[in-house]
*Asks:* 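Please see the structure below; I have some questions.
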Amino acid sequence: MLAIVAIIWFCRRFKNLAKIFYVVKGGFSDACAELAIIFSSSKNTDEGTLENISRAANHFQFRLQKLIFLGLIFILCLKGFFEILQSVGIFSQNLYELRSSHAYVANFLEMKTLVYVAAALAISCGIQLAYMLITDGPDEAVEPLMLGIASTILLILSDSNAQNWTSDRSFAVIMLVVCIPILFACSRWMERVRKDKK
């Protein structure tokens with residue numbers, strides 16, 4: 001119920017709701033056009049067509065990542081809003097009482113924030129790796145790998161408590177953190193090589 005009230009308040013803040021509708025409608029039609037470009041071409045295509053396919057795939061994966069961003073921000077803001085309401089005494093501090101009266105609020109309050117952020121990063125990483133299948137070079141794979149490593153680090157850190165922490169997990173986190181600057185340097189090197197070829 002509170003989410004619906006928040007959405008109505010947000011929509012009323014905009015003077016012209018039709019603009020939002022046209023932006024969403026235009027984004028949807030552009031996404032459909034991009035999918036048509038990606039899937040309508042044959043296997044043997046010329047250089048210009050491959051460039052158009054790559055550009056359309058890039059725009060489409062960027063749209064999907066924006067949707068992930070908006071969904072994640074909405075969920076985290078809603079969780080923070082419920083935590084504020086619980087802190088000021090509107091909702092009970094006891095989760096068992098809260099679950100019996102407001103189960104959806106209890107679900108948001110029990111949610112592990114870093115797990116959701118890590119899951120969003122992992123989904124975004126998968127979308128970028130799927131985009132790499134359409135492009136030519138291997139340099140597009142480096143950024144999704146960094147994103148995947150960051151999501152793995154967040155999952156390791158958020159999923160374990162201090163009692164279950166072992167030296168193996170510490171070593172794994174350290175090795176993953178070391179991989180990020182190495183991959184970043186590889187990405188810059190490949191970008192420089194590609195610019196030199198042009």
Side-chain angles (χ1 to χ4, degrees), residues 27 30-31 34-35 37-39 47 50-84 86-87 95 106-198:
D30 288 347
E34 289 159 359
L35 281 175
I37 291 171
I38 293 168
F39 291 113
E47 192 74 26
L50 287 175
E51 193 173 308
N52 287 339
I53 293 170
S54 178
R55 191 178 313 114
N58 186 22
H59 289 306
F60 188 73
Q61 65 107 9
F62 188 63
R63 286 178 201 283
L64 291 176
Q65 287 178 327
K66 283 195 279 188
L67 287 175
I68 293 169
F69 165 75
L70 289 174
L72 180 66
I73 292 297
F74 179 73
I75 288 172
L76 293 181
C77 286
L78 208 54
K79 177 180 168 49
F81 178 69
F82 288 144
E83 286 178 350
I84 290 170
Q86 187 183 32
S87 298
L95 283 176
N107 289 337
F108 270 100
L109 293 174
E110 287 179 336
M111 183 174 72
K112 291 182 178 179
T113 304
L114 287 180
V115 171
Y116 273 81
V117 172
L121 284 175
I123 292 169
S124 178
C125 171
I127 290 170
Q128 280 188 330
L129 284 172
Y131 163 68
M132 184 203 69
L133 295 173
I134 296 175
T135 59
D136 274 342
D139 50 337
E140 282 87 4
V142 177
E143 286 184 29
L145 284 176
M146 289 191 294
L147 202 58
I149 289 171
S151 69
T152 304
I153 292 170
L154 282 176
L155 274 175
I156 290 172
L157 293 177
S158 65
D159 199 29
S160 60
N161 55 19
Q163 295 169 345
N164 295 337
W165 195 263
T166 61
S167 60
D168 294 340
R169 287 188 180 184
S170 300
F171 181 73
V173 169
I174 289 170
M175 293 307 294
L176 289 170
V177 168
V178 167
C179 287
I180 292 175
I182 292 171
L183 287 171
F184 184 76
C186 289
S187 171
R188 295 295 169 240
W189 175 74
M190 283 191 254
E191 193 176 312
R192 211 174 311 121
V193 167
R194 188 173 29 167
K195 284 181 182 176
D196 289 346
K197 283 183 180 178
K198 289 180 180 179

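Counting begins at 1 with the first residue of the sequence. Because the structure is a prediction, the values reported are computed rather than measured.
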*Asks:* Just verifying a value: how many Å separate Ile75 CD1 and Leu70 CG, rounded to the nearest 0.5 Å?
*Replies:*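 Rounded to the nearest 0.5 Å, the CD1-CG separation comes out at 11.0 Å.
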
*Asks:* Quick check against the 3.5 Å criterion: does Lys79 have a side-chain atom that pairs as donor or acceptor with the backbone of Thr113?
*Replies:* no

*Asks:* Nearest 0.5 Å, what's the CD-CG distance between Glu83 and Leu78?
*Replies:* 10.5 Å

*Asks:* How long is the gap from CZ on Phe62 to CD on Gln65, to the nearest 0.5 Å?
*Replies:* 7.5 Å

*Asks:* Using 0.5 Å steps for rounding, measure from the CG atom of Leu72 to the SG atom of Cys77.
*Replies:* 9.0 Å

*Asks:* Measure the CG-CZ distance between Leu176 and Phe171 for me, rounded to the nearest 0.5 Å.
*Replies:*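 Answer for the CG-CZ pair, Leu176 versus Phe171, is 10.0 Å.
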
*Asks:* Within a reach of under 6.0 Å around CZ of Phe108, are more than 12 heavy atoms found that belong to other residues, nucleotides or ligands?
*Replies:*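 Yes, CZ of Phe108 has more than 12 neighbouring heavy atoms, counting only those of other groups under 6.0 Å.
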
*Asks:* I'd like to check the side chain to side chain contact (heavy atoms under 4.5 Å, CB included) partners of Ser87; sequence neighbours left out, ordered by chain and number.
*Replies:* none

*Asks:* Which pairs would a plain distance check flag for residues 146-157, meaning a side-chain donor or acceptor within less than 3.5 Å of a matching protein atom at least two apart in sequence or in another chain?
*Replies:*
{"unit_1": "Ser151", "atom_1": "OG", "unit_2": "Gly148", "atom_2": "O", "d": "2.8"}
{"unit_1": "Thr152", "atom_1": "OG1", "unit_2": "Gly148", "atom_2": "O", "d": "2.8"}

*Asks:* Of all residues at least two apart in sequence or in a different chain, which pass the side chain to side chain contact (heavy atoms under 4.5 Å, CB included) check with Asn58?
*Replies:*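 By the side chain to side chain contact (heavy atoms under 4.5 Å, CB included) rule, Asn58 matches Gln61, Tyr131.
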
*Asks:* Looking at every non-hydrogen atom in both residues, tell me the closest pair between Ser187 and Val142 and how far apart they are.
*Replies:*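 Minimum heavy-atom separation between Ser187 and Val142: CB-CG1, 3.6 Å.
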
*Asks:* Show the numbers, then the answer: is there a side chain to side chain contact (heavy atoms under 4.5 Å, CB included) between Ile123 and Leu64?
*Replies:* CA-CA 10 Å; Ile123 292 169; Leu64 291 176; over 6 Å; no

*Asks:* Just verifying a value: how many Å separate Ser54 OG and His59 NE2, rounded to the nearest 0.5 Å?
*Replies:* 9.5 Å

